[in-house]
Amino acid sequence: MVGFENLVEVPPMRKTTVGYDVPEGVDIRGRYDAEFATILTKDALQFVASLQRQFTSHIKYAMDCRKEAKLRYNSGALPTFDPATKPVRDADWLCVPPPPSVADRRVEITGPVERKMVINALNSGAKVFMADFEDALAPNWENLMRGHINLRDAVRGTISYHDKARNRVYKLNEQTAKLFVRPRGWHLPEAHVLIDGQPAAGCLVDFGLYFFHNWSAFRRNQGQGFGPFFYLPKMEHSREARIWNNVFTAAEKMAGIENGSIRATVLIETLPAVFQMDEILYELRDHSVGLNCGRWDYIFSYVKTFQAHPDRLLPDRVLVGMGQHFMRSYSDLLIRTCHRRGVHAMGGMAAQIPIRDDPRANEAALALVRKDKIREVLAGHDGTWAAHPGLIPAIMEVFDAHMGGGPNQIQSAKREDAAGVAAEDLLQTPRGVRSMEGLRLNTRVGIQYVAAWLTGSGSVPLYNLMEDAATAEISRVQNWQWLRYGVELDGDGLGVRVTAELFGRVVEEEMERIEREVGKERFSKGMYREACKIFARQCTAPTLDDFLTLDAYNHIVVHHPLASSRL
Ligand SMILES: CC(=O)SCCNC(=O)CCNC(=O)[C@H](O)C(C)(C)COP(=O)(O)OP(=O)(O)OC[C@H]1O[C@@H](n2cnc3c(N)ncnc32)[C@H](O)[C@@H]1OP(=O)(O)O
Ligand SMILES: O=CC(=O)O
Ligand SMILES: [Mg+2]
């Protein structure tokens, strides 16, 4: 896998691993646990290894193409529609129709694969639960393995959880949300699973283990004969969708189920991918169940793609919302593209979450969520995301009120008016000011998020908003961009330029503020100093790191026997 060899020092492969019964060429370097062994069975690992061996060279090629595209953008090129695939965009073709069990997806809840949250999400009243191995999960070994155990028990309907502190037992309701699983992106390795001496692709481990253990029970209990269902993150090009399509076909063959059983919604959450939506759907036309506006990673990707374009600097993070022309254009074109191809056009995540101790602030947060969802449903989206169960009634109400009687708007909101959305619309620089408070908030949020991630939490509430890997990325790359170009902070009338010296002072002051806010004890027990080092290094790096979590991943890899992690 490209780049993965740089991540962890991998000692020579041993033929067998203490505890786990592994097939030839597979080595498990994560902690042994008898429960984990029920997931890491020899047959399941054999399946993961066969996917890895089949697709490694394809993944490497796709990652090399990403690097080449980056070089082009860094030399001044702009992403645009590919003339070579115009026939795909112009031709009339359809994806397979949505499976009946997920025709109605008006509200989808998302969350990490943590046991109590899995039960709460499935019971939440949402139509779909997206169980997340990506933005919302810190992929340490314990989280990953427990996540697979939780999903296996959820699919079989046997999952339960005893909250001893509150003496409360959690069990599934009669009626539950339909489960989608989001594996990690192509870029993330799984350093605890070595295949032929190399770390496996994280997404193939996530997909392979989940599919192997659950395809049959899922189709019986959840999918009404279809499935399993997936969300696919962070792709940049249709060639990456083709790999997923081939992975699905290989998995269906292994299971002996018909082609098109597996269904996936692709997140359009990178700037290059917005120019590839038809092409991505075309590659996955037998397995598609739509596209989703992954707005937070999309904003991150805008900065990353234009890292060498000082004429395209972002304003304060809080000002880059769906009202900006480039964001509205992206949502409009996504709806038009999906409905033309007969599949769902899903909306994205409003970051507000309920504020328990302040009813007025809570009402204001809910009003913002409602406004965002009204915009989405009126634009033609078929459903949207909720970060928290407390938001579901309000969001459901909005979609019920505006979506007409049908389960979706695929046939009723064709959005032909969006056919004219052009590259300039999709690239238009967002408007707004840059402020010292923006720099401070990015720093405060970025450090606290990394500190949480290092200690096992991939999604956290910060300043009454949901923060996860995608939102934290915006804070990081925005700081990097402002430092790189020495931008003037004009938003609060200060007119100061962002320099390394100013940033150093901001980091120090924000660390003091974090310590005051979380309290001395929690601060000293947490990983704030380590997080600060990682975040500050990335913000000041001469060249922009591709992903915050790639560097940070080294800090959560714990190889067993304990020896080889770089911690
Ligand atoms: C950019 C993107 O990729 S968006 C998608 C990825 N991000 C996510 O999925 C974030 C999902 N949301 C969350 O993780 C959480 O809501 C947070 C971290 C933001 C806030 O969590 P908390 O501070 O625990 O919320 P809070 O204390 O209000 O929770 C109240 C209850 O709701 C539950 N809950 C909160 N969010 C969720 C969720 N998303 N799914 C299931 N249950 C949830 C809690 O477990 C808790 O349950 P309990 O009363 O039985 O103990
Ligand atoms: O995954 C969703 C996003 O907004 O990023
Ligand atoms: Mg994302």
Side-chain angles (χ1 to χ4, degrees), residues 107-126 128-138 150 154 161-171 176-177 179-185 187-188 231-235 265-271 273 291-302 304 320-322 327 330-331 334 346-357 362 365 369 372 384-392 395 448-449 452-453 456-474 547-549:
V107 184
E108 302 189 335
I109 190 167
T110 69
V113 286
E114 195 251 315
R115 198 163 183 88
K116 183 180 77 172
M117 286 178 90
V118 167
I119 302 173
N120 280 341
L122 287 168
N123 286 344
S124 66
V128 164
F129 165 42
M130 187 199 75
D132 201 6
F133 286 97
E134 236 271 354
D135 292 334
L137 190 83
N150 299 340
Y161 173 74
H162 184 194
D163 182 341
K164 290 188 186 111
R166 290 195 278 172
N167 195 23
R168 186 173 161 194
V169 176
Y170 292 74
K171 284 197 168 135
T176 59
L179 184 65
F180 278 56
V181 170
R182 177 161 73 171
R184 282 168 280 181
H187 60 289
L188 287 168
Y231 255 105
L232 303 177
K234 292 185 172 62
M235 284 198 262
T265 298
V266 172
L267 287 131
I268 299 300
E269 55 180 356
T270 67
L271 193 63
L291 302 177
N292 171 298
C293 277
R295 63 174 77 164
W296 301 104
D297 267 310
Y298 192 73
I299 298 168
F300 156 50
S301 175
Y302 186 94
K304 191 157 85 167
V320 191
M322 294 307 295
M327 295 298 279
Y330 142 65
S331 150
L334 183 142
M346 301 303 296
M349 184 66 92
Q352 292 78 19
I353 48 177
I355 306 171
R356 252 172 296 172
D357 50 3
N362 188 48
V369 173
D372 183 59
T384 190
W385 278 10
H388 190 287
L391 300 171
I392 290 174
I395 301 179
Q448 289 183 83
Y449 179 75
W453 195 90
S457 297
S459 56
V460 282
L462 286 174
Y463 308 108
N464 298 326
L465 296 178
M466 180 276 310
E467 297 287 345
D468 67 7
T471 60
E473 284 284 27
I474 303 172
F547 291 98
L548 171 64
T549 49

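Residues: numbered from 1 along the sequence shown. Just so you know, ligand 1 is whichever comes first in the structure, and atom 1 is the first atom listed for that ligand.
With respect to atom 2 (C) of ligand 2, the closest heavy atom belonging to the protein is Glu269 OE1, 3.4 Å. Distance from atom 4 (O) of ligand 2 to its nearest protein heavy atom, with residue and atom name: Trp296 N, 2.8 Å.
At least one donor-acceptor pair closer than 3.5 Å links the side chain of Asn150 to the backbone N or O of Val113. Put simply, the side chain of Tyr302 never gets that close to the backbone of Asp297: no donor and acceptor are under 3.5 Å apart. Under a 3.5 Å cut-off, the side chain of Asn292 and the backbone N or O of Gly347 do form a donor-acceptor pair. Judged by distance alone, with hydrogens and angles left aside, the side-chain atoms of Glu134 form a donor-acceptor pair with the main-chain N or O of Gly185 at under 3.5 Å. Between the side chain of Asp372 and the backbone N or O of Met349, no donor-acceptor pair lies under 3.5 Å. Looking at Asn362, its side chain never comes within 3.5 Å of a backbone N or O of Ala365 through a donor-acceptor pair. Remark: the backbone N or O of Met235 is paired with a side-chain donor or acceptor of Thr270 at under 3.5 angstrom.
The shortest distance between side-chain heavy atoms of Met466 and His388 does not fall below 4.5 Å. A 4.5 Å side-chain heavy-atom check between Asn123 and Thr176 finds at least one atom pair inside the cut-off. With contacts defined as side-chain heavy-atom distances shorter than 4.5 Å, the pair Asp132/Thr110 does not qualify. The closest side-chain heavy-atom distance from Trp296 to Glu269 is not below 4.5 Å. Residues Val460 and Gln448 fail the side-chain proximity criterion, which asks for heavy atoms closer than 4.5 Å.
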For a distance cut-off of 3.5 Å, show me each N or O of ligand 1 paired with any protein N or O, plus the separation.
residue, atom, partner, partner atom, Å
ligand 1, 3 (O), Asp135, OD2, 2.8
ligand 1, 3 (O), Arg182, NH2, 3.1
ligand 1, 3 (O), Asp468, OD2, 3.0
ligand 1, 7 (N), Asp468, OD2, 3.1
ligand 1, 9 (O), Thr110, O, 3.4
ligand 1, 9 (O), Thr110, OG1, 2.6
ligand 1, 9 (O), Gly111, N, 3.2
ligand 1, 12 (N), Ala387, O, 2.8
ligand 1, 14 (O), Ser459, OG, 2.6
ligand 1, 16 (O), Ala387, O, 3.2
ligand 1, 27 (O), Arg356, NH2, 2.6
ligand 1, 28 (O), Arg356, NH2, 3.1
ligand 1, 28 (O), His388, NE2, 2.8
ligand 1, 29 (O), His388, NE2, 3.4
ligand 1, 39 (N), Thr110, O, 2.8
ligand 1, 39 (N), Ala387, O, 2.8
ligand 1, 45 (O), Asn120, ND2, 3.4
ligand 1, 47 (O), Asn120, ND2, 3.0
ligand 1, 50 (O), Asn120, ND2, 3.2
ligand 1, 50 (O), Tyr170, OH, 2.6
ligand 1, 51 (O), Lys116, NZ, 2.7
ligand 1, 51 (O), Arg166, NH2, 2.4

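Geometrically, Arg182 does not engage Phe180 in a cation-pi contact defined by less than 6.0 Å to the ring centre and at most 45° from the axis.
At a heavy-atom cutoff of 4.0 Å, ligand 2 is contacted by the side chain of Asp135 but not by its backbone.
Using the six-membered ring where Trp is involved, Tyr330 and Tyr298 have ring planes that are parallel, under 30° apart on the 30 and 60° scheme.
Those atoms of ligand 2 that come under 4.0 Å of a heavy atom in Ala470, given as number and element, are 5 (O). Those atoms of ligand 2 with a heavy atom of Gly294 less than 4.0 angstrom away are 2 (C), 3 (C), 4 (O), 5 (O). Within the listing of ligand 2, atoms 1 (O), 2 (C) sit less than 4.0 angstrom from a heavy atom of Arg182. Close approach of ligand 2 to Asp297 is summarised as follows: ligand atoms under 4.0 Å from at least one heavy atom of the residue are 3 (C), 4 (O), 5 (O).
Contact between Glu134 and ligand 2 is absent, with no heavy atom of the residue lying under 4.0 Å from the ligand. Residue contacts with ligand 2: Trp385 is included, with a non-hydrogen atom under 4.0 Å away.
Each protein N/O/S atom under 2.8 Å from the Mg ion (ligand 3) was counted, for a total of 3.
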